[in-house]
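These notes are about the structure you will find just below.
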Amino acid sequence: MKKKIPKEYLPILVFAVIQLVYHILMREPESSDAMWFFQNQLDAYSLKDYLMTRYETWASRLLIEAVLVYISRNILLWKVLDWIFWVFLAWAFAGLFPKEHRERAAYLIVGFLLVYPMWDLRTAGWIATSVNYTWPLALGVFSLHGAAKAFYNEKTSPLMWTLYGLAALFGANMEQMSAVILAVNFCAVVYFILEQKSVRLYGCAIIGFVIAAAEFVFIMTCPGNAARKNQEIINWMPDFGTYSLLDKISMGFVDTMHHLIASGNLMYLCYAGLLAWIVCRKTKELRFRVAAIFPVGFNICLVAFPDMLEKQFGKFSKLFEKNAFICGNNYQTAANYIPTLLYLVIIGCMLVSLVAVCESYFELFAQAVLLGLGLATRVIMGFTPTIYVSQERTFFYLYMILGISGVYLIQNNRTLFAEQNKAYHTWKLAGVLFAAAGVILNLTEIGSC
């Protein structure tokens, strides 16, 4: 196989086989959104009438829902297409890296994709969640290839400009992905202007930015989004209208950080552990080492020793169990500030760790923007009354950004790993074990559906 297939595609081939097994095992619940709603819509409406109704009463995801109403009628076709999109996603992520480092990047990307808890995407049914989350992500990442090529001083053909634009059009139809495409292309355009690059080189980034900006305006002005929000306030959070801007930010931030640190997910543990190891290898300064180890230790304490914490520190433990956020109703209670302050300390520790790890201000800025963008894609859920209903699937983009940030950390510190031969092989073994654990957990959860 190594003789027939380019090296960078070998891990993607393995990933394709594993994803094929996943999709064979997947069973769409009868009560899912696709089964009870989307597959029946074309029996009562034409596509145009359906989309106009949704625009006026429910959602701005017209491109996504146009696909959903067709794909929901054929589960086998969805399985084939979704399998293709997952493999395409792995390839698209690898394409963000320069050719000379793409082989290692492909292995690392496949590793973190295998660690991702696939069962998070079944909460509204496999079909609806994948078309709303996985497909826009895959196409959105692909649309960023133009900016990546410009960064590596590679030219892009007019045909690829068109394909990148179409991919951005579909990807940005999802609110979280729209924010990602908009922010990344904006930063890229500013960078290219400052570097005085030719517009012909980074025209793709300008096109992607314009498309994402237009979609963002469309999302914000869609009457269906406002109507849906009002209905969901009634159904899920009657007090939502009393929350201020700061209350909503607090709710989104606390819920996001609580899930990352206390849910036992492997993605966060892998990322925080990797960052801590690099810091400890690159510097002997105690302040940096403590800052790097604290997020890992706090995560392990909350996940591995919940009973001990409840027994020894009952009141402290309950603050994290109820996941309280600061709002106008409880701002006077001092104890409610403890989780928020601890979460801010953890973020501060990770930023300090990045200061110790990054070799340049540009790298530090890029990593900080990337992680900030990932956090924002989930914190923004505080502005919706369904934050506690949607839950796991809304962390999808944050997990993916954590994974990509981790890959960049390893790529940018590859000499450090090469110098520590034993540590390098230990990390490779640990990565394989984590990926294997992720596959086993996914097989178990998907097979039990």
Side-chain angles (χ1 to χ4, degrees), residues 5 8-28 32 34 64 67-68 71-72 74-97 102 105-145 163 167 170-171 173-174 176-177 180-181 265-267 270 377 392-404 406-407 434-447 449:
I5 300 173
E8 63 265 29
Y9 296 132
L10 279 176
I12 296 176
L13 179 62
V14 174
F15 180 70
V17 173
I18 294 172
Q19 278 291 333
L20 182 61
V21 176
Y22 288 166
H23 283 79
I24 291 173
L25 293 176
M26 286 176 182
R27 297 291 180 270
E28 183 71 9
S32 71
I64 291 172
V67 173
L68 257 177
I71 205 69
S72 297
N74 191 324
I75 295 178
L76 179 59
L77 177 60
W78 166 79
K79 285 192 174 189
V80 172
L81 290 177
D82 193 56
W83 172 72
I84 291 172
F85 268 107
W86 271 102
V87 178
F88 181 72
L89 175 63
W91 173 85
F93 273 137
L96 296 176
F97 294 85
R102 199 164 290 168
Y107 277 100
L108 296 170
I109 287 163
V110 166
F112 86 73
L113 287 176
L114 292 178
V115 171
Y116 175 73
M118 285 282 293
W119 63 89
D120 283 1
L121 298 178
R122 74 182 178 195
T123 48
W126 294 110
I127 297 176
T129 307
S130 64
V131 178
N132 275 283
Y133 288 86
T134 313
W135 297 16
L137 175 65
L139 291 170
V141 173
F142 173 67
S143 75
L144 298 176
H145 280 203
L163 293 178
F170 187 89
N173 200 222
M174 201 282 177
Q176 289 172 299
M177 196 65 219
V180 172
I181 297 173
N265 68 87
L266 291 177
M267 295 284 286
C270 287
T377 62
E392 288 83 2
R393 64 181 180 268
T394 57
F395 286 88
F396 183 56
Y397 293 101
L398 173 54
Y399 279 149
M400 296 296 107
I401 288 176
L402 277 180
I404 284 297
V407 175
F434 270 108
V439 172
I440 292 171
L441 287 172
N442 277 324
L443 288 173
T444 302
E445 292 292 333
I446 293 172
C449 293

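The basis for the numbers below is simple: all heavy atoms, side chains too, and nothing from hydrogens, waters or symmetry mates. Here the structure is a predicted model, which is why all the values come from computation and not from measurement.
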Shortest non-hydrogen contact from [X] to [Y]?
X      : Y      : value
Ile181 : Gly171 : CD1-C, 4.1 Å
Ser72  : Ile127 : OG-CG2, 3.8 Å
Pro136 : Tyr397 : CB-OH, 3.9 Å
Ala90  : Ile109 : O-CG2, 4.0 Å
Arg102 : Gly95  : NH2-O, 3.9 Å
Val115 : Phe434 : CG2-O, 3.8 Å

So do the side chains of [X] and [Y] get within less than 4.5 Å of each other, counting heavy atoms only?
X      : Y      : answer
Met400 : Phe93  : yes
Phe97  : Leu108 : no
Asn265 : Tyr399 : yes
Leu68  : Asn132 : yes
Asp82  : Tyr22  : no
Arg122 : Thr129 : no
Leu139 : Phe88  : yes
Met177 : Val180 : yes

- Taking it one step at a time, do Val14 and Leu10 satisfy side-chain contact (heavy atoms from CB on, under 4.5 Å)? CA-CA 6 Å; Val14 174; Leu10 279 176; 5.9 Å; no
- Query: Are any side-chain N or O atoms of Trp119 and backbone N or O atoms of Asn442, one a donor and one an acceptor, separated by less than 3.5 Å?
  - Reply: no
- Under the side-chain contact (heavy atoms from CB on, under 4.5 Å) criterion, do Trp126 and Ile446 qualify, and how do the steps go? CA-CA 10 Å; Trp126 294 110; Ile446 293 172; 3.9 Å; yes
Atom [atom1] in [X], atom [atom2] in [Y]: separation rounded to 0.5 Å?
X      : Y      : atom1 : atom2 : result
His145 : Leu163 : NE2   : CG    : 12.0 Å
Arg27  : Lys79  : CZ    : NZ    : 4.5 Å
Gln176 : Thr394 : CD    : OG1   : 6.5 Å
Glu445 : Asp120 : CD    : CG    : 9.5 Å
Leu121 : Glu392 : CG    : CD    : 10.0 Å
Trp78  : Ile71  : CH2   : CD1   : 9.5 Å

Taking side-chain hydrogen bond (donor to acceptor under 3.5 Å, both in side chains) as the test, write out the residues that go with [X], two or more places apart.
X      : answer
Thr123 : Arg393
Glu28  : Ser32
Tyr133 : none

- Message: The test is side-chain contact (heavy atoms from CB on, under 4.5 Å); show your working for Leu81 and Trp135 and say whether it passes.
- Response: CA-CA 9 Å; Leu81 290 177; Trp135 297 16; 3.9 Å; yes
- Message: So, applying side chain to side chain contact (heavy atoms under 4.5 Å, CB included) with Leu89, which one of Trp91, Trp86, Phe85 is it?
- Response: Trp86
- Query: Do the two ring centres, one from Phe396 and one from Tyr116, sit under 6.0 Å apart?
  - Reply: yes
